[in-house]
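Notes follow the structure.
Excluded from the calculations below are hydrogen atoms, water molecules and symmetry mates; all remaining heavy atoms, backbone and side chain alike, are included.
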Amino acid sequence: LVPFVSLGLGIDDMFVLSGTMAGRFDRSRDLADNVADTLRAAGPSVCLTSLANAAAFVLVCYVPVGAVRQLVLVLFIAVLVNLLLLFLLFVPLMVWDLRRRLDNRMDFAYVKVSDADGKTDGVATDRCDALVDTFVDKYYAPLLANKTAKAVILTAFLVFSTVTLWSALARTEDGLPASDIALRDTYQRDIALLSENQFVQQPCSLVSVARRQRFSKPKAQAQLIRTVESLQRSPWIIPGIRVGDVNWLTNSTTSLLSTYAFVQPSGLLGQCPAGNASAAIRNETCFASYYRQWFANAGIGYSPYLSCRNASHRVPCTAENSTVTATRTSFYLDSLHKHTDFLDAIRDVRSRIDPNSDADVKSFAVGHIFYFWEQYFGIRTTLIAAIGLGLLGVFFVTFAMQRKPALSLVVCAVVVLVEVQ
């Protein structure tokens, strides 16, 4: 993207300089006078456009989107490099060509070196300028001065601006599906299309991390249970697959709080409940014994839904003195059809998880849609902020170089219309 944008930002200034030199070239003046006259006529305009672009890009760096900041920062550097090369490389090349014209040497192409009056290189430019002058003098300027034409133009302008603004605000969706972003004719795009067209359920995970509290403590267990129960009440969760039924702590058949007939630990008789204790939160004294019995009864040696540590580092959850520090629970979001469905589902899930998170136990909802659609939260606010900061840079540079507030506001108004498109 950056090379193409840089080309567009730099090549127009080259045309301005070369066109100005071609139009103001006078064989009766020496080389230095021709160059000075060209730079006096076109230099301020070239500097104004480049510095306005640079100011707009550097101010947009304050937008809180990493990719946007990187893009505009590179474009800011590209604009400054273009401006430096324009005066340090392109202008010397123009001087070289101007010396050729003053010496009446042939160009690379087969063109006329001098016309009848000996003032220009050829007649093609003169004919083009004459056509433009004739059109402006005889048709365009009188049309703009006509009262009826003024009314028609202003009415059309207002109607066009209103329709485009309404379309931008009311008919624009937030976000793009993954299939629109993935490269054409690739495996990833085929998978994205299949997922969007065939499945309205999206797999996600609830990740809970115990920070100051370990899950061996009743407070952390109760907090996780509240989070799971709150998540289950979301209208975007598939009701047929209960989140609690697949959670390691709350499942009624295969979890720690299950119907297993736990054996009271030796030395803790009377302190830990035995038998069916499916609704009981395990106190910290009994947790380690129940935890090891649960692993043994489940007949597993590893759980992909648990992360455990000992006093110093991460260890397998079956190791001695290990404690659960992070957990993961699967759930599915349902009925995701429109762009707004994805955003609404993410907002609803987070509104149920965040109130049950604190400095002791922090829970997150993660998954493909959370990673992908996160970028579209607040996208309208970000867009308005980027446009506003860019306009601010354009206004200040235009005002600083022209000292005309009205002209600066007119330039900004035109830029706004371009941005709306």
Side-chain angles (χ1 to χ4, degrees), residues 1-10 12-13 47-84 161 164-183 338-351 354 364-402 405 408-421:
L1 176 63
V2 172
F4 297 104
V5 176
S6 301
L7 179 64
L9 293 173
D12 54 345
D13 292 334
C47 291
L48 175 60
T49 56
S50 297
L51 293 178
N53 288 331
F57 288 140
V58 76
L59 286 179
V60 177
C61 287
Y62 288 97
V63 171
V65 179
V68 174
R69 287 200 302 268
Q70 294 294 328
L71 174 63
V72 296
L73 180 60
V74 173
L75 289 176
F76 166 72
I77 297 173
V79 169
L80 295 183
V81 171
N82 279 338
L83 184 61
L84 290 175
S161 301
T164 52
L165 184 60
W166 168 78
S167 178
L169 296 176
R171 301 187 61 188
T172 303
E173 289 187 297
D174 293 350
L176 291 172
S179 59
D180 285 352
I181 297 179
L183 295 177
K338 301 180 296 182
H339 294 186
T340 54
D341 293 340
F342 289 87
L343 300 177
D344 291 342
I346 294 174
R347 290 190 184 96
D348 181 78
V349 167
R350 287 180 173 166
S351 69
D354 291 346
F364 308 86
V366 298
H368 167 72
I369 71 165
F370 289 90
Y371 294 129
F372 181 76
W373 287 90
E374 172 75 22
Q375 60 186 317
Y376 300 124
F377 277 99
I379 189 172
R380 291 176 183 262
T381 303
T382 301
L383 176 63
I384 294 173
I387 293 176
L389 291 172
L391 288 174
L392 190 64
V394 171
F395 175 82
F396 279 123
V397 170
T398 305
F399 178 74
M401 297 193 67
Q402 299 288 335
S408 302
L409 291 175
V410 169
V411 171
C412 291
V414 175
V415 174
V416 167
L417 291 178
V418 174
E419 296 296 343
V420 169
Q421 302 310 311

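When all heavy atoms of Arg69 and Cys61 are compared, the pair lying nearest together is CD-O, 2.8 Å. The two residues Ala365 and Val349 come nearest to each other via the heavy atoms CB-CG1, 3.6 Å. Across all their heavy atoms, Leu59 and Leu389 have their closest contact at O-CD1, 3.2 Å. Summarising the geometry of Ala56 relative to Val394, their closest heavy-atom pair is CB-CG2, 4.2 Å, with the distance given to 0.1 Å. For Gly390 against Val60, the heavy-atom pair with the smallest separation is N-CG2, 3.9 Å. In terms of heavy atoms, Leu48 sits closest to Met401 at CA-SD, 3.6 Å.
Tested against His339 for a ring-ring contact (aromatic ring centres under 6.0 Å, His included), the candidates Phe372, Tyr376, Trp373 yield a single pass: Trp373.
The backbone N or O of Ser408 lies less than 3.5 Å from no partner atom in the side chain of Thr398, so there is not a single donor-acceptor pair. Remark: the backbone N or O of Lys338 is paired with a side-chain donor or acceptor of Asp341 at under 3.5 angstrom.
Taking CZ of Phe399 as the reference point, atom CG of Leu409 lies at 10.0 Å (rounded to 0.5 Å). Phe342 CZ to Asp174 CG: the interatomic distance, rounded to the nearest 0.5 Å, is 13.5 Å. Rounded to the nearest 0.5 Å, atoms CG (Asp348) and OG (Ser351) are 4.5 Å apart. If you take OH on Tyr371 and CD1 on Ile369, they are separated by 11.5 Å, rounding to the nearest 0.5 Å. Note that CD1 of Ile384 is 11.5 Å distant from CG of Leu391, once rounded to the nearest 0.5 Å. Rounded to the nearest 0.5 angstrom, Leu51 CG and Leu83 CG are separated by 6.0 Å.
The closest side-chain donor-acceptor pair between Asp13 and Thr49 falls under 3.5 angstrom.
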List the steps and the verdict of side-chain contact (heavy atoms from CB on, under 4.5 Å) for Leu417 and Ser161. CA-CA 7 Å; Leu417 291 178; Ser161 301; 3.7 Å; yes

